[in-house]
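Treat the numbers as computed from the prediction; the structure is a model and nothing was measured.
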Amino acid sequence: MAHNTFHVALYVEDLDAAIARYRTILGQEPSKVRHDYAKFEITDPPVILSLNVGGEPGTVSHLGIRYPGTGDVASEMVRVKHEAVELLEQKGTTCCYAKADKFWVRDADGMPWEMYTLLEDAEAETAADQTLRRFLDQDATRRTEACC
């Protein structure tokens, strides 16, 4: 993967129905499906669409950018820190059935952004990081169950 990819995570009520609908809309199969999660990797335009169970259906969980490598994430994190933006760094974290190096920020309206690189797929979902939960909940108008 030689480019950055936009990431959007949506909450859905019925994962099977959402997968079926996005199969039809996007004309492709999901690249990953678990009991509470699905991911579509769209190549043109490059977008990662993840569907998450557990939040308010029809709302955005979080946005993000997937970078080609750890060095790209580190460079962006240094740049963001230089601008004095509060962030949460997570190296080698497992979330949404993937291991990643990442950092989180919030935009001016409180929307969480996940800036990350994928290290490898994972079979387990281990998104119980309380530091992340506290970071995503601060100054939020609604509780965010974001992870991937």
Side-chain angles (χ1 to χ4, degrees), residues 1-15 18-19 22 26 28-148:
M1 175 184 348
H3 53 77
N4 298 341
T5 306
F6 182 70
H7 171 78
V8 61
L10 302 175
Y11 287 125
V12 299
E13 183 172 357
D14 181 332
L15 185 61
I19 291 169
Y22 279 105
L26 301 173
Q28 70 181 58
E29 292 296 314
S31 60
K32 185 184 290 186
V33 177
R34 300 294 188 268
H35 76 281
D36 58 350
Y37 174 83
K39 176 175 72 172
F40 288 85
E41 295 214 23
I42 304 158
T43 56
D44 188 18
V47 174
I48 298 160
L49 171 65
S50 62
L51 308 175
N52 302 286
V53 176
E56 184 179 337
T59 63
V60 175
S61 165
H62 62 278
L63 302 172
I65 298 173
R66 183 171 73 188
Y67 294 93
T70 297
D72 302 295
V73 173
S75 294
E76 284 300 304
M77 188 171 62
V78 167
R79 184 187 60 75
V80 170
K81 280 183 177 178
H82 182 73
E83 297 295 328
V85 173
E86 183 180 3
L87 61 83
L88 173 65
E89 179 181 6
Q90 295 183 303
K91 288 185 179 180
T93 189
T94 301
C95 176
C96 295
Y97 304 98
K99 185 174 180 181
D101 284 344
K102 64 177 81 179
F103 69 95
W104 291 87
V105 294
R106 285 188 167 279
D107 70 14
D109 293 313
M111 176 62 68
W113 279 76
E114 176 187 31
M115 315 307 251
Y116 70 102
T117 189
L118 176 65
L119 300 175
E120 63 187 42
D121 278 338
E123 290 304 313
E125 167 60 286
T126 57
D129 183 332
Q130 291 304 312
T131 304
L132 174 60
R133 296 290 181 228
R134 283 189 299 276
F135 179 83
L136 294 175
D137 283 346
Q138 74 181 25
D139 300 325
T141 57
R142 61 178 168 76
R143 178 145 169 57
T144 303
E145 295 288 341
C147 135
C148 27

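In terms of heavy-atom proximity, Tyr116 sits nearest to Ala100 at CD1-CB, 4.4 Å. Shortest non-hydrogen contact noted between Pro30 and Ile19 is CG-CG2, 4.0 Å. The minimum heavy-atom distance linking Val73 with Thr117 is given by the pair CG2-N, 3.6 Å. The shortest heavy-atom contact between His35 and Leu15 is O-CD2, 3.7 Å.
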Given Met111 and Leu63, is the side-chain contact (heavy atoms from CB on, under 4.5 Å) satisfied, shown in steps? CA-CA 8 Å; Met111 176 62 68; Leu63 302 172; 4.0 Å; yes
After noting the C-alpha distance and the side-chain angles of Arg66 and Ile48, does the key distance pass the side-chain contact (heavy atoms from CB on, under 4.5 Å) rule? CA-CA 8 Å; Arg66 183 171 73 188; Ile48 298 160; 3.3 Å; yes
Show the numbers, then the answer: is there a side-chain contact (heavy atoms from CB on, under 4.5 Å) between Leu119 and Asp101? CA-CA 7 Å; Leu119 300 175; Asp101 284 344; 3.5 Å; yes
side-chain contact (heavy atoms from CB on, under 4.5 Å), that's the test. Do Leu88 and Phe103 meet it? Break it down for me. CA-CA 5 Å; Leu88 173 65; Phe103 69 95; over 6 Å; no
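Checked by atom type and distance alone, the side chain of Ser61 never pairs as donor or acceptor with a backbone atom of Leu10 at under 3.5 Å. At least one donor-acceptor pair closer than 3.5 Å links the side chain of Asp107 to the backbone N or O of Asp109. The closest donor-acceptor contact from the side chain of Glu13 to the backbone of Ala18 lies at 3.5 Å or more, if one exists at all. Here the side chain of Ser75 pairs no donor or acceptor atom with the backbone of Asp72 at under 3.5 angstrom. Between the side chain of Lys32 and the backbone N or O of Tyr97, at least one donor-acceptor pair lies under 3.5 Å.
Residues passing the salt bridge (charged side-chain N to carboxylate O under 4.0 Å, His left out) test with Glu29, sequence neighbours excluded: Arg23. By the salt bridge (charged side-chain N to carboxylate O under 4.0 Å, His left out) test, Glu89 pairs with Lys91, sequence neighbours left out.
Under the 4.5 Å side-chain criterion, counting only non-hydrogen atoms from C-beta, Pro68 is not in contact with His3. Looking at heavy atoms from C-beta onward, Ile42 lies out of side-chain contact with Thr5 at the 4.5 angstrom threshold. In this structure, Met115 and Glu76 have side chains that are not in contact, with every pair of non-hydrogen atoms separated by 4.5 Å or more.
Residues His7 and Trp113 keep their aromatic ring centres 6.0 Å or farther apart.
The only member of His62, Glu114, Gln90 that meets side chain to side chain donor-acceptor pair (under 3.5 Å) when paired with Trp104 is Gln90.
How far CG of Leu118 is from OH of Tyr67: 15.0 Å, rounded to the nearest 0.5 Å. One finds the NZ atom of Lys39 at 11.5 Å from the CG atom of Leu51 (value rounded to the nearest 0.5 Å).
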